[in-house]
Amino acid sequence: MIISVRRIVPSRASMLPALVAGSLVLGASSADAQAAAKASPRVVASSRAIVAANVVNIVTTDYAFDMPASIPAGLTTMRPSNKGKELHHVYLVKVDAGRSSKDVLAWMKAGGPPPKWMRPVGGPNASAGVTEFTSTLAAGSYVALCVIPSPDGVPHVMKGMLKDVQVTPSTTAPAAPPKADVTLTLKDYDFVFSKPLSPGKHVIAVTNAGPQPHEFFFAKLAPGKTPAEMAAFAEKPVGAPPGMPMGGITDILPGDTVYLTVTVPAGEYAFICFDPDAKDGKPHLVHGMIKQISVK
Ligand SMILES: [Cu+2]
C-alpha cells in the first residue's frame, strides 16, 4: 500500500503574504495583520501554521483507488499514478451528509438524472504520466469513482472502483491557489485558451463557463492520428492507442475553477469532452467539444 498525505511547507519568503491574508480570513484585526507583517518570518511561522496545498497521492489499479480515506479540508493537490493495465481517473463527487458510495452505486445501477445530493468537484483525468490536479475542498463526505469503461464497455465504477473519502474540517488558514500562467475556459461547446500553449510546464486554470457541467481529457496524438480516433479509442479501448493520455480534469460545474499542472512536449494534441449533453444525451464532442491543438 502506498498511501500518503503530506503537507508541503512553503519557503519562508512565500509564507508572510499568506499569513497576512490568512489573518484577515480568520477574522484577526488589521492591527494584528500589521503586527504579523512586521514580525520576522521565523516567529510568524511558529505562531500560526500556514501551509500550501495538501498533496494527496492516489494510486489507481484495476479496479481500485489506493488513497487516504480521510483528508483535511482546504487547497488540495491530487497526484495520481496508475499501476493498472487500463486507464483510470478520479471523478470526485461531494455528497450530502448521510450519503455514501452505496448511494452512488445504487443510482448508477438504477440510472436516471444525476441526484441532487451529489455534486461533481473535479479530479485528475486519465494520464500515462504525472498530472497534478489542484482545487479547494470543503469539509464533508465525498466519493471518488472511475467511470472510464473497460474494453467490455463496463465502467470501472461498476467493477468496484469507488471509494468513500471524508474531508475533515481544517483549522489552518486557507492556502492561496497556485499561480496559473494560462487559462482554459470550458463552455457549451468549446475549449478556449487565453493564449497558445507553449512546450514545457504549465499551471492551467480551468474554468467552466457553462451552462452545462464539463470535463476535459487531452492526449498527445501519434503522428497522423486525429482527435476523432483518440475519442473512439477512449470510448472503446481496443487496439493500439492513437495517442498518449496526458490527463485533464473530470466534471466540474459552471462557475468552478480548478488547476492542472502538466508538462507538455511540442506536438499535436486532442482535447475532448465526453460529458453527456443535457438535451440529447450525446457526448459533448458530438456537439463540437473536440479540438486539435498544436503545442509549438
Ligand atoms: Cu478506472
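Small disclaimer: the values here were computed from a predicted structure and weren't measured.
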L221 side chain reached by Y269 side chain, heavy atoms, under 4.5 Å: no
Quick one: does D256's side chain get under 4.5 Å of N208's, heavy atoms only? no
For K85, is there any backbone N or O sitting under 3.5 Å from a side-chain donor or acceptor partner on D62? yes
Please check: side-chain N/O of S101 versus main-chain N/O of K163, any donor-acceptor pairing under 3.5 Å? no
Flag, side chain of T172 to backbone of S170, donor-acceptor distance under 3.5 Å: no
For V203, is there any backbone N or O sitting under 3.5 Å from a side-chain donor or acceptor partner on K179? no
Using salt bridge (charged side-chain N to carboxylate O under 4.0 Å, His left out), reason through D66 and K83 one step at a time and then give a plain yes or no. CA-CA 10 Å; D66 189 351; K83 298 240 184 329; over 6 Å; no
For the residue pair K291 and C273, establish whether any side-chain heavy-atom pair is separated by less than 4.5 Å. no
Besides V157, the hydrophobic cluster formed by Ile, Leu, Val, Met, Phe, Trp and Tyr side chains linked at under 4.5 Å, directly or via other members, contains Y91, V93, V95, V104, L105, W107, M108, W117, M118, V143, L145, V147, V154, M158, L162
How far apart are the closest heavy atoms of A231 and I290, and which atoms are they? CB-CD1, 4.0 Å
Within a strict 4.5 Å, meaning less than it, do heavy atoms of the V56 and R79 side chains meet? no
Modelled atom types, side-chain donor and acceptor of T185 and T207, under 3.5 Å: no
Dump the intermediate steps for side-chain hydrogen bond (donor to acceptor under 3.5 Å, both in side chains) on E215 and H89, then the final yes or no. CA-CA 12 Å; E215 63 155 7; H89 63 189; 5.2 Å; no
With no hydrogens and no angle check, is any side-chain donor or acceptor of D103 less than 3.5 Å from a backbone partner on S100? yes
I would like to know whether D277 and Y189 meet side-chain hydrogen bond (donor to acceptor under 3.5 Å, both in side chains); could you show each step before the answer? CA-CA 10 Å; D277 193 70; Y189 302 94; 2.5 Å; yes
Output the rest of the hydrophobic cluster of V192: all Ile, Leu, Val, Met, Phe, Trp and Tyr residues reachable through side-chain heavy-atom contacts under 4.5 Å, sorted by chain and number. none
When you measure from the side chain of N125 to the backbone of G247, do you find a donor-acceptor pair of N or O atoms at a distance under 3.5 Å? no
Applying side-chain hydrogen bond (donor to acceptor under 3.5 Å, both in side chains) to T226 and Q292, what does each step give before you reach the verdict? CA-CA 8 Å; T226 65; Q292 183 163 343; over 6 Å; no
Under the criterion salt bridge (charged side-chain N to carboxylate O under 4.0 Å, His left out), I'd like the reasoning laid out for D152 against K236: C-alpha separation, chi angles, the key distance, then a yes or no. CA-CA 8 Å; D152 63 9; K236 195 165 173 42; over 6 Å; no
Consider only side-chain N and O atoms of D275 and H214, and report whether a donor and an acceptor are under 3.5 Å apart. no
Quick check on K225: does its NZ atom have over 12 non-hydrogen neighbours (other residues, nucleotides or ligands) under 6.0 Å away? no
Please walk me through it: do H156 and S150 pass side-chain hydrogen bond (donor to acceptor under 3.5 Å, both in side chains)? CA-CA 7 Å; H156 296 166; S150 286; 3.3 Å; yes
Give a yes/no verdict on a cation-pi contact between K159 and Y63, requiring under 6.0 Å between NZ or CZ and the six-membered ring centre and an angle within 45° of the axis. yes
Could you check if a side-chain atom of V121 sits within less than 4.5 angstrom of a side-chain atom of I252, using non-hydrogen atoms only? no
With side chains defined as the heavy atoms from C-beta onward, is the minimum distance between T183 and F193 less than 4.5 Å? no
Describe, in one word, how the ring planes of F216 and F271 are oriented to each other, choosing from parallel (under 30°), tilted (30 to 60°) and perpendicular (over 60°). parallel
Any salt bridge linking K279 with D188? Criterion: basic side-chain nitrogen under 4.0 Å from a carboxylate oxygen. no
